[in-house]
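In this chain, residues are counted from 1 in sequence order.
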Amino acid sequence: PKPKMAAELSFGSVPALYREVYDIVCPSGQDSRVDREMFVKLLMKSNLPKQTLSSIWDAVDNKSGYLTRNGLYKALALTALAQQGKNIEDGDKLLENFGDQELPRPALGDLTDLKTLSVKVRRERNPCVLGYRFMELIELDAIEVDLIPEKKGLILKHVEYEVSSRRYKSKVLRRYNDFVAFQELLLIRFPYRMVPRLPPKKMIGADKEFIEGRRKSLRRFLNLVARHPSFSEESLLKFFLTFNGADMQHVIKVQFRGIPDEFVTSPLAVQAKDLVPMDTQVQFSNSRDFVRILFNSISRIKEVSDRMVARSTGLAADMLIFGKELSVLTNDPPALSSWASGSIDTWSHLQNGFKGLSVEFAVLADKSQKQAHMEDDCLVEQLQYFLDLLVSYKDLCDRHEKGVLSDHQRALQKMGQMKKRKMSATIQGKEQTALVEQLEARIIEQESEINNMENRNYFSLHCVHMETQLIHANMELLVKIMEGLLSTQVKGHQELAQMWENISPKIRTLIPPTARSPGTSPATSPMSETAPSSFR
């Protein structure tokens with residue numbers, strides 16, 4: 001019989017494609033094993049006959065149910081040879097011919113779906129690890145919420161928003177009440193997950209500042225939802241982001257009426273008890289304390305950032321006033337004559353200079369306002385996004401304690417009361433037989449309910465565990481915020497400094513040198529040591 005090929009690769013140099021494929025099926029070196037399922041999906045992309053694929057598997061199978069890195073490389077080489085029409089029964093001999101040359105590259109088409117499958121398999125293999133990094137969450141979707149012109153209703157003006165999704169390439173119109181209906185359904189579907197809060201509804205007196213603040217809040221809400229691993233594949237979210245019909249608030253409620261919660265549909269619910277570590281309650285308590293500290297500190301940092309924006313906005317307003325007053329001074333004052341100025345013509349020079357300077361100060365004001373917008377986008381909004389996430393975690397913890405745990409405790413108390421009544425009725429004898437039987441039936445029913453509650457409690461704890469990891473997956477946002485702080489301050493101050501430098505010649509030449517007082521220079525200040533004593 002023909003000797004079996006070695007499962008490992010011994011010849012040839014490895015092309016970059018092999019490493020790319022390996023990095024997809026085993027990202028970041030997290031696992032050196034290639035699953036059989038992943039391997040089969042990979043081979044199917046070669047469009048080779050099933051018999052050939054089976055031969056390739058036999059050639060690299062080490063009887064462990066998975067492949068090593070080297071085994072995968074050999075399979076890729078054999079796949080390429082098979083695509084060239086070579087007989088891979090003598091695969092080792094064919095590979096030996098390559099010596100130190102680069103091995104052939106198989107045609108596998110687009111690898112995007114392979115990446116998706118790899119991530120899915122990796123996460124399903126370990127349900128107690130979130131398996132998402134920050135940029136993977138960001139890449140799930142990017143939502144924009146823009147105001148559209150107001151429409152007048154019979155009584156009140158209705159504000160509408162254009163909601164666009166990068167993922168679905170969609171644009172839909174939504175009103176605030178549509179968001180409310182959507183969030184209510186999210187809470188029904190995912191009671192054990194971090195569902196963000198919505199901004200409050202203001203019925204009367206909603207000014208532009210309030211409406212703009214709510215627009216930003218709705219944008220944060222949708223991005224937090226769209227970038228949540230459990231929500232991102234949910235049909236409810238897709239419907240909200242893509243449905244273009246009328247009366248969204250009513251239609252979405254009808255479409256998802258009676259939607260079951262996650263516990264009912266999750267395959268993990270039946271094994272939830274096994275997914276909850278023994279020290280979960282302690283870890284849960286510690287995490288709540290940590291998130292509380294984090295929330296307090298980030299809130300204070302956000303307050304500082306608000307003040308930074310206010311300072312830039314204030315500077316913009318001050319520069320406008322400065323420029324406006326310079327412009328006012330360029331107007332000829334009434335009846336100014338030599339009686340007032342004598343032989344000194346300083347004022348006429350200043351008037352000419354102030355005309356140009358008033359424009360420069362308007363440009364400074366515009367730059368300061370742009371700086372305020374940059375600080376708001378890069379700092380305030382990002383910090384508030386993170387705070388919204390932390391608040392949703394707090395709300396989740398409260399739901400867990402006030403909901404599942406509280407229901408469980410009440411059910412146990414009810415069970416205890418029934419057992420006491422049954423014991424009392426049993427002691428009283430035959431006349432209480434019917435009551436005893438009735439109580440036994442109710443106890444059995446209550447035990448079933450308690451078991452279901454216990455499973456829900458474990459599932460809720462497992463979800464809290466994953467949501468805690470989701471908080472940590474978003475921690476990298478704090479790095480982005482610090483980078484935003486650095487870039488806005490460096491760029492903003494450099495640009496402002498350059499603008500002041502550009503203005504400098506105009507200020508220094510407000511009065512021609514020939515018209516200046518003897519012995520003075522543009523740098524002299526009335527408060528300097530060389531100034532007359534009457535100014536000090």
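- With salt bridges taken as basic N to acidic carboxylate O contacts below 4.0 Å, none links Asp377 and Lys216.
- The backbone N or O of Glu139 lies less than 3.5 Å from a partner atom in the side chain of Arg166, making a donor-acceptor pair.
- A donor-acceptor pair under 3.5 Å is absent between the side-chain atoms of Lys324 and the main chain of Met319, judged by distance alone.
- Among Gln369, Glu375, Gln371, the one residue that satisfies the side-chain hydrogen bond (donor to acceptor under 3.5 Å, both in side chains) test with Ser312 is Glu375.
- From Arg215, atom CZ reaches atom CG of Leu218 across 9.5 Å, with rounding to the nearest 0.5 Å.
- In this structure, Ser285 contributes its side chain and Gln281 its backbone to no donor-acceptor pair below 3.5 Å.
- Ion pairing of Asp289 with Arg292 is present here, as a side-chain N (NZ or NE/NH1/NH2) and a carboxylate O approach within less than 4.0 Å.
- The two residues Cys463 and Glu262 make their nearest non-hydrogen contact at SG-OE1, 4.1 Å.
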Next on the checklist: side-chain contact (heavy atoms from CB on, under 4.5 Å), that's the test. Do Ile138 and Asn223 meet it? Break it down for me.
Outcome noted: CA-CA 9 Å; Ile138 296 300; Asn223 276 295; over 6 Å; no
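- Using modelled atom types and a 3.5 Å distance limit, the side chains of Ser504 and Arg508 yield a donor-acceptor pair.
- For the residue pair Leu379 and Ile481, the shortest heavy atom distance occurs at CD2-O, 3.5 Å.
- A 4.5 Å side-chain heavy-atom check between Leu510 and Phe354 finds at least one atom pair inside the cut-off.
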Item to check | Derivation and outcome, side-chain contact (heavy atoms from CB on, under 4.5 Å), residues Arg214 and Val159 | outcome: CA-CA 11 Å; Arg214 191 167 70 175; Val159 178; 4.2 Å; yes
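- Minimum heavy-atom separation, Leu137 to Asn474: CD1-ND2, 3.7 Å.
- Not a single donor-acceptor pair under 3.5 Å links the side chain of Gln494 to the backbone N or O of Lys491.
- Put simply, the residue from Lys480, Arg220, Lys302 that forms a salt bridge (Lys or Arg N to Asp or Glu O under 4.0 Å) with Glu381 is Arg220.
- Residues Lys370 and Asp366 are paired through a salt bridge, judged by an N-O separation under 4.0 Å between the basic side chain and the carboxylate.
- Ring pair Phe284/His400: centre-to-centre distance below 6.0 Å.
- Comment: Arg197 does not engage Asp388 in a salt bridge, judged by the lack of any side-chain N to carboxylate O separation of less than 4.0 angstrom.
- Using a 3.5 Å distance cut-off with no hydrogens or angles, the side chains of Asn244 and Lys171 do not pair a donor with an acceptor.
- Two residues are said to be in side-chain contact when any heavy atoms from C-beta on lie closer than 4.5 Å; Leu470 and Met466 fail this criterion.
- The two residues His465 and Cys128 make their nearest non-hydrogen contact at CE1-O, 3.9 Å.
- Leu222 contributes atom CG, which lies 11.0 Å from atom CD of Gln183 (distance to the nearest 0.5 angstrom).
- With hydrogens and angles disregarded, no donor-acceptor distance shorter than 3.5 Å links the side chain of Tyr385 to the backbone of Val380.
- Applying the 6.0 Å contact sphere to NZ of Lys238 captures no more than 12 heavy atoms from other residues, nucleotides or ligands.
- For Asp261 and Arg456, the salt-bridge test passes: some basic side-chain N is under 4.0 Å from an acidic carboxylate O.
- A distance of 4.0 Å separates OG of Ser266 from CZ of Phe459, quoted to the nearest 0.5 Å.
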Checklist entry - Run the side-chain contact (heavy atoms from CB on, under 4.5 Å) check on Asp178 and Phe182 step by step: do they pass? => result CA-CA 6 Å; Asp178 299 334; Phe182 173 56; over 6 Å; no
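- Put simply, the side chain of Gln271 reaches to within 4.5 Å of the side chain of Leu275, judged on heavy atoms.
- Rounded to the nearest 0.5 Å, atoms CD (Glu233) and CG (Leu140) are 7.5 Å apart.
- When every heavy atom of Ala362 is checked against every heavy atom of Leu320, the shortest pair comes out as CA-CD2, 4.4 Å.
- One N or O on the side chain of Thr488 and one on the backbone of Leu485 form a donor-acceptor pair closer than 3.5 Å.
- Salt-bridge formation is not detected for the pair Arg219/Glu212: no Lys NZ or Arg NE/NH1/NH2 atom is positioned less than 4.0 Å from an Asp or Glu carboxylate oxygen.
- Side-chain N or O atoms of Ser217 include none that pairs as donor or acceptor with a backbone N or O of Gly213 at under 3.5 Å.
- For Asp141, the side-chain hydrogen bond (donor to acceptor under 3.5 Å, both in side chains) criterion is met by Ser165, not counting sequence neighbours.
- Residues Leu396 and Arg399 are in side-chain contact: their nearest non-hydrogen atoms beyond the backbone lie under 4.5 Å apart.
- A cation-pi arrangement is absent between Arg174 and Tyr161, since the terminal nitrogen or guanidinium carbon is not both under 6.0 Å from the aromatic centre and inside a 45° cone about the axis.
- With rounding to the nearest 0.5 Å, the separation of CD1 in Ile298 from CD in Gln382 is 12.5 Å.
- Residues Pro229 and Tyr132 share a closest heavy-atom pair of CB-CE1, 3.5 Å.
- Residue pairs meeting the ring-ring contact (aromatic ring centres under 6.0 Å, His included) criterion with at least one member in residues 471-509, sequence neighbours excluded, are Phe290-His472, Phe361-Trp500.
- Counting only distance, with no hydrogens or angles, the side chain of Ser327 and the backbone of Gly323 share no donor-acceptor pair below 3.5 Å.
- Proximity of Leu329 to Trp347: side-chain heavy atoms (C-beta onward) are separated by under 4.5 Å at one or more points.
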Next on the checklist: For Arg288 and Lys394: C-alpha separation, side-chain torsions, deciding distance, then whether side-chain contact (heavy atoms from CB on, under 4.5 Å) applies.
Outcome noted: CA-CA 8 Å; Arg288 290 189 75 175; Lys394 176 184 177 298; 5.5 Å; no
Item to check | Worked check of side chain to side chain donor-acceptor pair (under 3.5 Å) between Thr265 and Arg189 | outcome: CA-CA 10 Å; Thr265 60; Arg189 176 76 178 110; 3.1 Å; yes
Item to check | Check against side chain to side chain donor-acceptor pair (under 3.5 Å), His228 and Glu234 | outcome: CA-CA 10 Å; His228 190 295; Glu234 186 65 23; over 6 Å; no
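- Close placement of the Phe239 and Phe256 rings is indicated, their centers lying within 6.0 Å of each other.
- Listed for the Gln351 side chain is a donor-acceptor partner under 3.5 Å among the backbone atoms of Asn331.
- Counting only N and O atoms by type, the side chains of Tyr393 and Ser287 include no donor and acceptor under 3.5 Å apart.
- The distance from the CD atom of Gln249 to the CG atom of Asp247 is 7.0 Å, given to the nearest 0.5 Å.
- Between Phe231 and Phe190, the distance from one ring center to the other falls under 6.0 angstrom.
- Ring centers of Phe179 and Phe240: under 6.0 Å apart, within the cut-off.
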